[in-house]
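What's counted below: heavy atoms across the whole structure, side chains too, no hydrogens, waters or symmetry copies. Here is the naming used below: chain letters follow the sequence lines, and residue numbers restart at 1 for every chain. Values in this document were obtained by computation on a predicted structure and should not be read as measured data.
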There are 2 protein chains.
Amino acid sequence: MVDDCPATGQSGCMDARLDMVFSALADPTRRSILAMLLEDDMAVTDVAEPFDMSLAAISKHLVILTKAGLISQEKRGRVKWCKLEPDALRDASIWMQGFGQFEAVNLDAFERFLTDELGEGDEPSLHP
Amino acid sequence: MVDDCPATGQSGCMDARLDMVFSALADPTRRSILAMLLEDDMAVTDVAEPFDMSLAAISKHLVILTKAGLISQEKRGRVKWCKLEPDALRDASIWMQGFGQFEAVNLDAFERFLTDELGEGDEPSLHP
DNA sequence: GGCTTATTCAACCAAATGGTTGACGATTGT
DNA sequence: ACAATCGTCAACCATTTGGTTGAATAAGCC
């Protein structure tokens with residue numbers, strides 16, 4: 001009954017986590033927030049600034065991202081800092097790769113990944 | 001205005017597609033369907049069979065998966081065949097990998113991937 | 001102490017989601 | 001021709017989602 005196989009999805013115990021991760025990613029605002037946090041940790045107010053939306057709405061988005069494990073929030077003083085937490089993203093990505101494994105063409109993606117990351121200079125350029 | 005950078009998410013034209021892919025993946029029923037289709041193409045009725053849910057509901061799920069590009073449906077005679085379409089999954093997975101790229105630990109995932117796929121024999125064993 | 005800033009809470013709302021049922025068109029088999 | 005099977009459509013329903021406001025809590029500044 002433990003989730004022995006990530007592909008079956010049959011009542012696995014990581015189902016709920018995947019639910020949360022994918023539905024968190026399903027919103028463009030939340031994806032933008034993740035992209036912003038990719039560059040640096042940010043306070044809630046600063047996260048909200050570029051959006052045409054109330055602070056409360058952003059706060060709720062951040063709660064959703066936190067519950068999904070995609071970010072973490074640490075309160076220091078009166079400001080709450082948001083930090084990207086790539087593990088959950090990685091897990092979900094791995095899950096998805098399961099669906100490509102049986103196709104040889106899937107290797108394209110990894111070639112692209114590797115050349116993007118390793119071929120383009122030494123400093124970890126975030127997004128070419 | 002074209003989506004020049006997959007990380008910004010700023011009004012990129014692939015946003016809508018990612019919306020659809022991730023919200024399609026956010027439902028456990030739909031993920032199970034994908035897992036079933038991983039093993040073989042299936043007719044709609046056969047997809048619906050293991051679920052405790054009406055055929056119409058499954059039909060709707062399949063429409064959602066189709067619109068997201070995750071599966072394709074081809075009607076042959078009176079039965080409609082559903083086939084996994086891994087490209088969309090791969091694209092979304094690539095997008096997600098962007099969030100791991102700046103971390104060295106991300107390479108773990110790819111090591112795991114490579115050993116899983118290449119290390120476990122010649123025949124494309126679907127899911128060990 | 002009293003103002004300002006940072007963030008959440010609570011109540012509310014419109015729209016989207018995920019399901020049901022029953023009727024319907026299309027295709028197949030006898 | 002008739003009946004059975006495959007799948008979708010339409011109408012409906014309950015719940016969730018994503019947003020709004022205004023008040024409330026908490027911390028820093030003068």
Side-chain angles (χ1 to χ4, degrees), chain A residues 9 11 15-37 40-83, chain B residues 9-11 15-37 40-84:
Chain A
S11 74
D15 253 39
R17 174 136 296 243
L18 282 178
D19 280 9
M20 286 191 298
V21 170
F22 284 127
S23 53
L25 291 175
D27 185 282
T29 301
R30 289 193 289 264
R31 288 200 305 275
S32 287
I33 291 175
L34 292 178
M36 293 165 59
L37 292 177
D40 216 342
D41 298 1
M42 295 177 83
V44 174
T45 306
D46 297 330
V47 170
E49 194 268 336
F51 294 98
D52 189 20
M53 196 181 301
S54 74
L55 183 60
I58 296 293
S59 179
K60 283 204 236 174
H61 280 303
L62 291 171
V63 168
I64 291 171
L65 288 170
T66 302
K67 282 186 178 163
L70 293 170
I71 69 171
S72 59
Q73 293 183 287
E74 180 198 0
K75 190 164 184 179
R76 210 150 47 207
R78 74 177 155 181
V79 30
K80 203 170 197 173
W81 292 91
C82 306
K83 174 156 126 337
Chain B
Q10 309 270 45
S11 75
D15 253 39
R17 174 136 297 244
L18 282 178
D19 279 9
M20 286 191 299
V21 169
F22 284 127
S23 52
L25 291 175
D27 185 281
T29 301
R30 288 193 288 264
R31 288 200 306 275
S32 288
I33 291 175
L34 291 178
M36 292 166 59
L37 292 177
D40 215 342
D41 298 0
M42 296 178 82
V44 173
T45 307
D46 296 332
V47 170
E49 194 268 337
F51 295 97
D52 190 18
M53 194 182 303
S54 73
L55 181 61
I58 296 293
S59 179
K60 284 202 235 174
H61 281 303
L62 291 171
V63 168
I64 290 171
L65 288 169
T66 302
K67 283 185 178 162
L70 293 169
I71 69 170
S72 59
Q73 294 183 288
E74 180 198 1
K75 190 163 184 178
R76 211 150 47 209
R78 74 176 156 181
V79 31
K80 203 170 196 174
W81 292 92
C82 305
K83 173 158 131 324
L84 195 63

Indicate whether OP1 or OP2 belonging to C:dG19 is found under 4.0 Å from a side-chain N or O atom of B:His61.
-> yes
Toward the 5' end of DNA chain D, by each residue's nearest nucleotide, A:Ala57 or B:Ala56 | B:Ala56
Ranking C:dG19, D:dG18, C:dC9 by distance to the side chain of A:Arg30, first place goes to D:dG18
What is the nucleic acid contact for A:Arg76, judged by heavy atoms within less than 4.0 Å: base, sugar-phosphate only, or nothing?
-> nothing
Nucleotide nearest A:Val44 (side chain, heavy atoms from C-beta), chosen from C:dT8, D:dA27, D:dT20 = C:dT8
Below 4.0 angstrom from OP1 or OP2 of D:dT25, is there any side-chain N or O of A:Arg78?
-> no
Would you say a side-chain N or O of A:Ser59 is under 4.0 Å from OP1 or OP2 of C:dT7?
-> no
Would you say C:dT27 has OP1 or OP2 under 4.0 Å from some side-chain N or O of B:Lys75?
-> no
Could you state the interatomic distance from CD1 (B:Ile64) to CD1 (B:Ile71), rounded to the nearest 0.5 Å?
-> 10.5 Å
Considering the options B:Ile33, B:Thr66, B:Asp40, B:Val44, which one meets the side-chain contact (heavy atoms from CB on, under 4.5 Å) requirement together with B:Cys82?
-> B:Val44
Between CG of A:Leu55 and C1' of D:dA23 the distance, given in whole Å, is 14 Å
Starting from P on D:dC6, measure out to CD on B:Glu74 and report it in whole angstrom.
-> 18 Å
Between C:dT7, D:dC6, D:dT21, which one does the side chain of B:Thr45 approach most closely?
-> D:dC6
Return the value, rounded to whole Å, for the distance between atom NZ of A:Lys67 and atom C1' of D:dT16.
-> 13 Å
Rounded interatomic separation in angstrom, taking CD1 from B:Ile33 and C1' from C:dG18 = 12 Å
To the side chain of A:Val79, which of C:dG18, D:dC9, C:dA6 is closest?
-> C:dA6
Spacing of CE belonging to B:Met36 relative to CG belonging to B:Asp46, to within rounding of 0.5 Å = 8.0 Å
Has the side chain of B:Lys60 got a donor or acceptor atom sitting under 3.5 Å from an opposite partner on the base of C:dG19?
-> yes
Any B:Ser54 side-chain N or O less than 4.0 Å from OP1/OP2 of C:dG19 = no
